[in-house]
Amino acid sequence: MAVVKFQSKAAGSFIMLSKTQAEIFKVIGRKVTESGAIAAEDASAWICRLEAEIAREKNLEADRRAEQERREAAVRDGFKHPGADKKALFSEEDRLKEEHLAEQARVPFSARVFPLLNMLRKAREKGEMVMWGVP
């Protein structure tokens with residue numbers, strides 16, 4: 001499991017998994033490289049793309065939660081009806097629990113990108129570059 005170190009004179013350095021770097025660079029539209037740099041004047045474009053992805057993720061999460069709540073309500077209502085297929089209701093209830101556990105274990109994009117986003121903002125403000133490479 002490779003890691004990449006990000007650093008800037010504007011902020012403290014940090015490391016992230018190369019898998020996370022690849023996901024972030026895909027959002028930004030940049031090819032993944034072992035090392036590189038971004039100039040302070042280019043930070044705004046990266047920030048905008050990352051913030052847009054965070055907003056998109058939050059909207060998807062809200063939609064997912066609404067759908068999960070709808071399904072949970074359907075299961076609860078289903079158990080109230082004497083002719084309901086209890087086996088199917090229990091199966092759906094189990095699926096909902098598994099999905100909930102998986103969601104709790106997932107680290108959202110916004111959390112994984114936070115250190116870089118913070119560094120980019122500070123670098124833009126102070127006119128410094130952000131650099132990355134394998135430590």
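When reading the values below, keep in mind they use all heavy atoms of this one structure, side chains included, and skip hydrogens, waters and symmetry mates.
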Novice: Give me the atom names and distance for the closest heavy-atom approach of S8 to A123.
Specialist: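 Shortest heavy-atom contact: OG-CB, 3.9 Å.
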Novice: Could you go through the side-chain contact (heavy atoms from CB on, under 4.5 Å) check for L120 and I38 one step at a time?
Specialist: CA-CA 9 Å; L120 288 167; I38 177 173; 4.1 Å; yes
Novice: At what distance, to the nearest 0.5 angstrom, does CH2 of W132 lie from CD of Q21?
Specialist: 7.5 Å
Novice: What's the shortest heavy-atom distance between K126 and A10, and which atoms?
Specialist: NZ-O, 3.6 Å
Novice: Taking atom CZ as the centre, does F79 end up with more than 12 heavy-atom neighbours from other residues, nucleotides or ligands that are less than 6.0 angstrom away?
Specialist: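 Result for CZ/F79: enclosed.
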Novice: If I compare all heavy atoms of M129 with all of A39, which pair ends up nearest, and what's the gap?
Specialist: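 Scanning both residues, the minimum pair turns out to be CG-CA, 4.2 Å.
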Novice: Take R71 and L96, measure what side-chain contact (heavy atoms from CB on, under 4.5 Å) needs, and give me the verdict at the end.
Specialist: CA-CA 8 Å; R71 289 170 54 207; L96 285 164; 3.5 Å; yes
Novice: Students often mix this up, so state it plainly: with edges at 30° and 60°, are the rings of W46 and F25 parallel, tilted or perpendicular?
Specialist: perpendicular
Novice: Are the side chains of R106 and E103 in contact, using a 4.5 Å heavy-atom criterion?
Specialist: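 E103 vs R106: side chains touch.
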Novice: Taking atom NZ of K5 as the centre, does the number of heavy atoms from other residues, nucleotides or ligands within less than 6.0 Å exceed 12?
Specialist: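 Atom NZ in K5 is not crowded, with 12 or fewer foreign heavy atoms closer than 6.0 Å.
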Novice: Answer with yes or no whether the hydrophobic clustering places I28 together with I47; edges join I, L, V, M, F, W, Y residues whose side-chain heavy atoms lie under 4.5 Å apart.
Specialist: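 Yes; tracing contacts between hydrophobic side chains, which count when under 4.5 Å, links both residues.
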Novice: Between R124 and E41, is the closest basic N to carboxylate O distance under 4.0 Å?
Specialist: no
Novice: Taking everything shown except L89 itself, do over 12 heavy atoms lie less than 6.0 Å from its CG?
Specialist: yes
Novice: Taking the basic N atoms (NZ, or NE/NH1/NH2) and the acidic carboxylate oxygens, is any pair closer than 4.0 Å for R56 and E53?
Specialist: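 Yes, charged N to carboxylate O under 4.0 Å.
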Novice: From S110 OG over to E57 CD, what is the distance, rounded to the nearest 0.5 angstrom?
Specialist: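 S110 atom OG to E57 atom CD measures 5.0 Å (nearest 0.5 Å).
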Novice: Between R95 and E98 (salt bridge meaning N to carboxylate O under 4.0 Å), is one present in this structure?
Specialist: no
Novice: If you measure from CZ on F109 to CG on L50, what distance do you get to the nearest 0.5 Å?
Specialist: 5.0 Å
Novice: Taking NZ, NE, NH1 and NH2 as the nitrogens, is one of them in R76 or E92 under 4.0 Å from a carboxylate oxygen of the other?
Specialist: no
Novice: Other residues, nucleotides and ligands only: do more than 12 of their heavy atoms fall within 6.0 Å of CD on Q68?
Specialist: yes
Novice: Is it true that K26 and E23 make a salt bridge, defined as a side-chain N closer than 4.0 Å to a carboxylate O?
Specialist: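 The answer is no: the pair does not qualify as a salt bridge.
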Novice: Under a 4.5 Å cut-off applied to non-hydrogen side-chain atoms, are V107 and T20 in contact?
Specialist: no
Novice: So how far is it from E67 CD to E99 CD, rounded to the nearest 0.5 Å?
Specialist: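 So the gap between those two atoms works out to 9.0 Å.
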Novice: Hey, any chance I54 and L116 share a hydrophobic cluster, counting ILVMFWY side chains that come within less than 4.5 Å of each other, even indirectly?
Specialist: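 Linked, I54 and L116 end up in one cluster.
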Novice: Can V113 and V27 be said to form a side-chain contact (heavy atoms from CB on, under 4.5 Å), step by step?
Specialist: CA-CA 11 Å; V113 76; V27 168; over 6 Å; no
Novice: Distance check, rounded to the nearest 0.5 Å: L60 atom CG versus R65 atom CZ?
Specialist: 12.0 Å
Novice: Under a 4.0 Å N-O cut-off, is there an ion pair linking R64 with E61?
Specialist: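 Yes.
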Novice: With side-chain contact (heavy atoms from CB on, under 4.5 Å) as the criterion, how do M16 and V3 come out once you've worked through the C-alpha distance, each side chain's angles and the decisive distance to 0.1 Å?
Specialist: CA-CA 5 Å; M16 76 170 50; V3 295; over 6 Å; no
Novice: Just verifying a value: how many Å separate I15 CD1 and F6 CZ, rounded to the nearest 0.5 Å?
Specialist: 11.0 Å
Novice: Contact between V134 and S35 at the side-chain level, heavy atoms closer than 4.5 Å - yes or no?
Specialist: no
